[in-house]
Amino acid sequence: MRRLRSAVAVGAVVTLGAAACGAPKPSNSGNGSGSGSSISVQANAIDPAAKGPAPAVPGARKGGEVTVYATSPPSTFDPTDIYFTDSNEIGKLLFRTPTTFALRNGKPTLVPDLTDVGEVSDDKLTWTFTMKKGIRYENGDEVKVEDLEYAILRSFARDVYPNGPAYQNTYFKGGKKYKGPYKDKDADFKGVTTSGDDKLIIKLAQPFSDLPFYMSFPMFTPIPQGKDTKQEYKNKPLATGPYRFDKYTPGTELKLARNDKWDANSDAVRHDYPDAWTFKWGQDHIKTQQQVLNSNGPDANAIDYNGVDASLLGEVTGAKSSQLLKGESPCTSGIQLDSRKIPLEVRKAIAKAYPYDQIWKAAGTTELSAEPASTVLPPSVPGHKKYTPVEDLDGQGTGDPEGAKKLLEAAGKLNFELSWYYDNTQPVPQQVSQVRADALKKAGFAVKPLGVASAKLREKKSDYDASVNMGQSPAGWCSDWPTGGSWFPVLFRSQSIEEGTTWGMLSDSVLDAKINEINELPAEQATAKWADLDREIMEKYVFLPSTYSKMADVVGTNVGGAEGDPTMGLPFLPNVYLKS
């Protein structure tokens, strides 16, 4: 999913910093997938009987304030528009959804939240979700099933909320034509209806067996129509979770306070151990990570989720290893090439010149936080196949500038201009951009890096009409759920351009038909076919794979309950507490 966060390139490289090591070789520790990866394969697990309250975290206590540091600020907290891992994880403190994920022995299990996990009709085209009674917003109003319906209708307003997920446009009946409650106010949309005071009914245009997993997304957070302030809603969304907005300075800081209307007895997953949370963005991540490791004063109560910098490797693998929080992440990251603007022969030259190892070094990436990538699907997705990498697309090496220049000369494209956005307010993104620029210039390209501030980076990268031709968003993708169906249909169909989730801006009707055909197969049949399609797409050279990400973050000495959330590749915030 588009959710992968980063301060370098919205997922292009997960970890940051000035480094002293190159790209590590892939681990040889097997996991049964045949991939040679140390990342384990995930599975879809559901517990329809789970009930609140959530099991207590051993040793947990209430009280205190947790500070969370990161470099890149979320662009929005409007639940309809959330599709990045960081805002999604923070949203678990704020928003409740029809279903949600609990962590059990470190593995995610889907459980009921605002509703049950749904029942599907015999023809697989109608799903009915039954809502719980008595759940309230932070203002005391009861959550109604009509609020869930309205939130879903709102998600079709892609002109207002372009960054959120768009499966509903494909799968929901009438979803390809419906434009949401603002433009199509009087439209009789059949895709979502209610019955009585507790039934949410979703009608599909085609079977969608993963719908209960999709219902865990912030997009399905209930929103009362009368409280919808459209673009302003992101600045003060109504909370249904254990915390609410207290003070928000977009791009800089968010403070959360307890939501006293949240009922722990109705919630099978969340806790409200800290009194408050403060999220701080835009600071030098090496500095904040060192602060967290030193744990002086309030920094003993802090978390940094940027991914540990290589310069701190000695500390987090030595005396301060207890402060290293390791986990898995369902993501592949790299940099995409706009096929509308860059011809295939030029894309091949970029791949040949690309300085993977130097970028790993400049970004501070370590084997704790990543493995070199050579495929679309990461090892965590069932069916991932580690085939012989497509030439120059193995996520490793220093690049071949002379070979790239020969390809450009043969194509008559010497001095072809390449442009991309980068964060010009942080030193590491500047370093990474400079390394990329130097390597491409040496290979015979003209380069035009465009620096923008951290707070505007995601917005700029998401603009497919901008003048740049590489490095657009999403530069990383994570499984919405562990099947190829949450990757290829979202990233590589022609409609992905309009939906804002494309890798490479492909518009190929033959490829569309192939993806649609596989997508309609039962999951067990589709698995192998997705893996076969992986190589075919890589041969189009629309994406230069860099890493399969892993989680390696630092926590203060007074932070308890921290564990990795494998659905996000971030610390699972609902279980965090302060030891004293």
When rounded to the nearest 0.5 angstrom, what distance separates OG1 in Thr71 from OH in Tyr305? 9.0 Å

Before you tell me yes or no, could you show the steps for Val447 and Trp420 under side-chain contact (heavy atoms from CB on, under 4.5 Å), namely the whole-Å CA-CA distance, both residues' side-chain angles and the distance that decides it to 0.1 Å? CA-CA 9 Å; Val447 298; Trp420 60 86; 4.0 Å; yes

Do you see a donor-acceptor pair shorter than 3.5 Å between the side chains of Gln168 and Tyr214? yes

Is the backbone N or O of Gln396 less than 3.5 Å from a side-chain atom of Asp357, with the two atoms forming a donor-acceptor pair by type? no

Test item: Lys385 side-chain N/O and Asp532 main-chain N/O as donor-acceptor pair under 3.5 Å: no

Min side-chain heavy-atom separation Gln434-Gln430 under 4.5 Å: no

Answer yes when Lys352 and Glu391 have at least one side-chain N-carboxylate O distance shorter than 4.0 Å, and no when they do not. yes

Are the side chain of Thr527 and the backbone N or O of Gly383 linked by a donor-acceptor pair below 3.5 Å? no

Decide yes or no on ring-ring contact (aromatic ring centres under 6.0 Å, His included) for Tyr167 and Phe217, but give the supporting numbers first. CA-CA 11 Å; Tyr167 292 93; Phe217 276 59; 7.0 Å; no

Shortest non-hydrogen pair, Asp508 vs Ser494, comes out as N-OG, 3.3 Å

Can you check side-chain contact (heavy atoms from CB on, under 4.5 Å) on Leu407 and Glu345, steps first, answer last? CA-CA 7 Å; Leu407 291 178; Glu345 60 269 28; over 6 Å; no

Flag, side chain of Gln336 to backbone of Gly504, donor-acceptor distance under 3.5 Å: yes

Examine the side chains of Asn294 and Lys320 and answer whether a donor and an acceptor come within less than 3.5 Å of each other. yes

Using a 6.0 Å cut-off, check whether atom CD of Glu517 has over 12 heavy atoms from anything other than its own residue. no

Separation between CD1 of Ile82 and NZ of Lys234, rounded to the nearest 0.5 Å: 12.0 Å

For Asp81 versus Gly164, what's the shortest heavy-atom pair and its separation? OD1-N, 3.2 Å

Between Ser454 and Thr425, do the side chains contain an N or O donor and an N or O acceptor separated by less than 3.5 Å? yes

Just so I know, are the side chains of Thr76 and Ser87 near enough to count as touching, which here means a heavy-atom distance under 4.5 Å? no

Can you tell me if Ser339 uses its side chain to pair, donor with acceptor, with the backbone of Met505 under 3.5 Å? yes

Look at the side chain of Trp503 and the backbone N and O of Pro474, then say whether any donor-acceptor pair between them is shorter than 3.5 Å. yes

Between the CG atom in Leu533 and the CZ atom in Phe492, the distance rounded to the nearest 0.5 Å is 8.5 Å

Got a donor-acceptor contact below 3.5 angstrom from the Thr366 side chain to the Ala310 backbone? no

Main-chain N/O of Ile342 paired to Arg347 side chain as donor or acceptor, under 3.5 Å: yes

Candidate pair Thr375 and Thr332, rule side-chain contact (heavy atoms from CB on, under 4.5 Å), full reasoning: CA-CA 8 Å; Thr375 60; Thr332 301; 5.6 Å; no

Working to the nearest 0.5 Å, report the span between OG of Ser374 and CG of Leu544. 13.0 Å

List the atom of Pro482, the atom of Pro382, and the distance in Å for their closest heavy-atom pair. O-CD, 3.1 Å

Judged by modelled atom types alone, do Glu499 and Asn169 share a side-chain donor-acceptor pair under 3.5 Å? no

Interatomic spacing from CD1 in Ile497 to CG in Leu506 - rounded to 0.5 Å: 7.5 Å

What I'd like to find out is whether the side chain of Trp281 reaches to under 4.5 Å of the side chain of Pro74, using heavy atoms alone. yes

Using the rule side chain to side chain contact (heavy atoms under 4.5 Å, CB included), only one of Asp534, Asn519, Leu521, Ile515 pairs with Lys529; which is it? Leu521

pair Tyr69-Gln291: side-chain heavy atoms closer than 4.5 Å: yes

Taking the side chain as C-beta and beyond, is there a heavy-atom pair between Tyr548 and Glu328 under 4.5 Å? no

Would you call Arg535 and Glu539 a salt bridge, taking side-chain N to carboxylate O under 4.0 Å as the test? yes

Do Pro378 and Trp487 have side chains that get closer than 4.5 Å, going by heavy atoms? yes

What class does the angle between the rings of Trp277 and Phe279 fall in, given that below 30° is parallel, 30 to 60° is tilted and above 60° is perpendicular? parallel

Close side-chain approach of Asn163 and Ser462, heavy atoms under 4.5 Å: yes

Ser546-Ser333 side chain donor-acceptor pair, cut-off 3.5 Å: no

Between CG of Leu103 and CD of Glu563, what distance do you get to the nearest 0.5 Å? 5.0 Å

Exercise: do Thr170 and Gln495 side chains pair donor with acceptor under 3.5 Å: yes

Do the side chain of Lys550 and the main chain of Glu367 share a donor and acceptor less than 3.5 angstrom apart? yes

Do Phe84 and Ser473 touch side chain to side chain, with heavy atoms closer than 4.5 Å? yes

Within the 3.5 Å criterion, strictly below it, is a donor on Gln323 or Glu315 matched to an acceptor on the partner's side chain? no

Lys405/Leu414 under side-chain contact (heavy atoms from CB on, under 4.5 Å): CA gap, chis, key distance, verdict: CA-CA 7 Å; Lys405 187 176 291 186; Leu414 201 61; 3.8 Å; yes

More than 12 foreign heavy atoms under 6.0 Å from NZ of Lys540: is that the case here? yes

Within 6.0 angstrom of Lys442 NZ, more than 12 heavy atoms from elsewhere: no

Glu417, CD: over 12 other non-hydrogen atoms inside 6.0 angstrom: yes

In this structure, is the centre-to-centre distance between the rings of Trp477 and Tyr83 below 6.0 Å? yes

Arg458 and its salt bridge (Lys or Arg N to Asp or Glu O under 4.0 Å) partner, picked from Asp463, Asp86, Asp423: Asp86

Check Pro73 against Ala455 and note the closest heavy-atom contact, atom names and distance. CG-CA, 3.9 Å

Taking atom types as modelled, find out whether Gln289 and Asn306 have a side-chain donor-acceptor pair closer than 3.5 angstrom. no

Looking only at heavy atoms, the pair that brings Asp284 and Pro427 closest together is OD2-CG, 4.1 Å

Backbone N or O of Gly307 within a donor-acceptor pair of the Asp553 side chain at under 3.5 Å? yes

Might you point out which heavy atoms bring Arg340 and Tyr464 nearest each other, and give the distance in Å? NH2-O, 2.9 Å

